[in-house]
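What follows is a single structure, written as structure tokens, with notes after it.
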Amino acid sequence: MNQTTKKQHARTLRRIFTLTALFALLFCVAGCSKKTPREALDKAYEKTFADSNPFESILGVSELNTKLSENKAHSTGYSLTVRELSGKDLDEYAGYLTGLGISVDSASDLMNRKSTGTLDITYGGTTYLTLGGQIQGSEIFLTCPQLLNSSLSVNLSTLKEDLNSDSALAELFRNSGLTLPEDFSADLFEAITSAAAPEDLNDLISAYEALDEALIVEKLGKKEITLPSDVTAKTVYKVTVPKHAYVAFINAVLEYANESSSSLSEAIGSAETDSETFNLLDAKLKVQEFADAAGDIVITVAVTKEGYINYMVSTVTAGEDTATFTASLTGANAPLEECKIVMDATVDNEAYHFDFVQKFGTKLNDVSLFAEASKENTKLFSFDCAGTFDNIEKGQKYTLDLDYLDLEYGDTLSVSLTGDYYVDTTECNIAAPAASEYNLLRMSEEDFSALFAEVLTNLSKDPLLSGLLGYFMGQTY
């Protein structure tokens, strides 16, 4: 691919991303104003997307997410196992990888300064390796029960003293030329809590409120609009989003992203060049260029006699590029029990198509998601999954048992997985770590020899694990 083609490809992707993000934003805000003369549409929006949303009425997702954002004690985890695998250059390994799985479990109680997590590697349903980490106050513990009889530890409250000791790792640290920051703190939980706290969103919220205020909602007469034959509506609204309003909001989002990226770079000591960093001015110019070509955005919203939104459509044209976005909400008991989103776009004279279908069965609490994107009738990727929610306590916990999760990426990869996911704010069991015999920063060479001997002894008890580790080390080296 030559340089010119790469630039054209990058430009095409940017346009597609801009159109998709803009549609997602506009459809989200189309009905959410709480001020007249848009009260009727706002009421329909609330009834459709909040009051009758099964993810809210059954799972209580908003309440649960609020608890997590406030750092309430909780446990969460997921597991995935390969059922089938195929794809370009994968046939040689597909048979070996089928049956391979991972399981991740974690628990966090920041108020009591405790956190723990484990990663299990499984094959054929048997766990062969468990890696664990735990934080208790200022102490960090690492475990691997298949290889170690105890745990490894580091005490951050004595870190400076330990790094000045005559231990093997302390000497290695000093010889590396690394130093601890002057403002180093042993209080990991203060850092975690600060990192978990939301950034200052005032400017972003203000920009959203300005966008909402600028929306123009009009009620359309039956002769002014023709809906698809399968859409039944009592009232149809025309929602106009002025160009200046969505440009201001997108610019606010870009500024927030730029500030967040800069803060992250400073935190990790990134030394990127100007050409590698996010170019805010260039991004704003592209947004303005798009807006000048597209003008105001118009969304048609249909509302049923029961007061639910059941159909939305919008077409945007910017120069020779065009995109049409439709959303159909057709659930029998509640609109969001079945939702279909379709986007057709033509960018740089190439046709793109995207489908998304979501179904939520409120009788069995079963859910399915499907998404597929194509270019010039050639599939780019697809995502398909189905499962059932159980162990539900609204706003507190639930488990999702995945029947299957299938992913396809062109002819490069096709994988079918099974697994589960859970989140629970009613329990947070963090057991005390195994008695630690090895403080990493106080270990002598003799201690490391004893540790190595312990690992070899445990490996000899599990030939399969020993063989797997030997195979992967051989592939690496």
Side-chain angles (χ1 to χ4, degrees), residues 102 104-110 112-121 127-195 264-271 430-462 465-466 468-477:
I102 62 169
V104 177
D105 297 280
S106 65
S108 178
D109 185 358
L110 298 187
N112 291 307
R113 302 168 59 78
K114 296 189 295 183
S115 182
T116 186
T118 60
L119 168 65
D120 292 325
I121 308 297
T127 299
Y128 286 96
L129 191 65
T130 300
L131 304 176
Q134 187 170 144
I135 304 175
Q136 295 269 3
S138 60
E139 291 188 274
I140 301 174
F141 299 88
L142 304 175
T143 60
C144 182
Q146 292 86 359
L147 301 179
L148 299 172
N149 300 328
S150 57
S151 59
L152 308 175
S153 70
V154 174
N155 192 329
L156 297 182
S157 65
T158 60
L159 184 59
K160 292 184 178 181
E161 294 83 353
D162 291 343
L163 288 176
N164 287 320
S165 70
D166 57 358
S167 70
L169 283 182
E171 183 177 355
L172 183 64
F173 179 85
R174 291 194 298 271
N175 291 338
S176 71
L178 298 173
T179 58
L180 285 179
E182 291 295 330
D183 59 349
F184 172 79
S185 170
D187 194 339
L188 278 178
F189 288 93
E190 181 180 352
I192 293 173
T193 303
S194 299
L264 179 61
S265 296
E266 291 176 5
I268 64 177
S270 174
I430 302 179
S436 177
E437 296 179 9
Y438 300 107
N439 183 327
L440 283 172
L441 294 179
R442 291 185 176 274
M443 290 174 64
S444 63
E445 292 184 4
E446 290 77 11
D447 293 329
F448 276 106
S449 296
L451 176 64
F452 186 63
E454 181 179 312
V455 171
L456 291 179
T457 300
N458 288 325
L459 272 176
S460 66
K461 300 175 183 178
D462 192 335
L465 178 59
S466 178
L468 287 173
L469 290 176
Y471 171 78
F472 284 114
M473 290 179 67
Q475 292 293 311
T476 303
Y477 297 103

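What you see below is based on every heavy atom in this structure, not just the backbone, and it leaves out hydrogens, waters and symmetry mates. Throughout, residue positions are numbered sequentially from 1 according to the sequence presented.
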What is the minimum heavy-atom distance between [X] and [Y], and which atoms define it?
X: Leu131; Y: Cys144; value: CD2-SG, 3.9 Å
X: Met443; Y: Asp447; value: CA-OD2, 3.5 Å
X: Ser157; Y: Asn155; value: OG-OD1, 2.5 Å

Checklist entry - Do Asp162 and Ser165 meet the criterion of a side-chain donor-acceptor pair at a distance under 3.5 Å? => result no
For a 4.5 angstrom cut-off between non-hydrogen side-chain atoms, does [X] reach [Y]?
X: Ile121; Y: Ile102; answer: yes
X: Ile430; Y: Gln136; answer: yes
X: Gln146; Y: Thr130; answer: yes
X: Leu451; Y: Leu148; answer: yes
X: Gln134; Y: Thr143; answer: no

For the [atom1] atom of [X] and the [atom2] atom of [Y], what is their distance to the nearest 0.5 Å?
X: Leu163; Y: Glu171; atom1: CG; atom2: CD; answer: 12.5 Å
X: Phe448; Y: Leu440; atom1: CZ; atom2: CG; answer: 6.0 Å
X: Arg442; Y: Asp166; atom1: CZ; atom2: CG; answer: 9.5 Å
X: Leu119; Y: Ser106; atom1: CG; atom2: OG; answer: 11.5 Å
X: Asp120; Y: Tyr128; atom1: CG; atom2: OH; answer: 13.0 Å
X: Arg174; Y: Leu172; atom1: CZ; atom2: CG; answer: 10.0 Å

Item to check | Side-chain donor or acceptor of Ser167 paired with backbone N/O of Leu441 under 3.5 Å | outcome: yes
Next on the checklist: Under the criterion side-chain hydrogen bond (donor to acceptor under 3.5 Å, both in side chains), I'd like the reasoning laid out for Ser153 against Asn439: C-alpha separation, chi angles, the key distance, then a yes or no.
Outcome noted: CA-CA 5 Å; Ser153 70; Asn439 183 327; 4.5 Å; no
Next on the checklist: Go through it in stages, so that I can follow the logic: the residues are Asn149 and Glu454, the test is side chain to side chain contact (heavy atoms under 4.5 Å, CB included), and I'd like the CA-CA distance, side-chain angles, deciding distance and then a yes or no.
Outcome noted: CA-CA 8 Å; Asn149 300 328; Glu454 181 179 312; 3.6 Å; yes
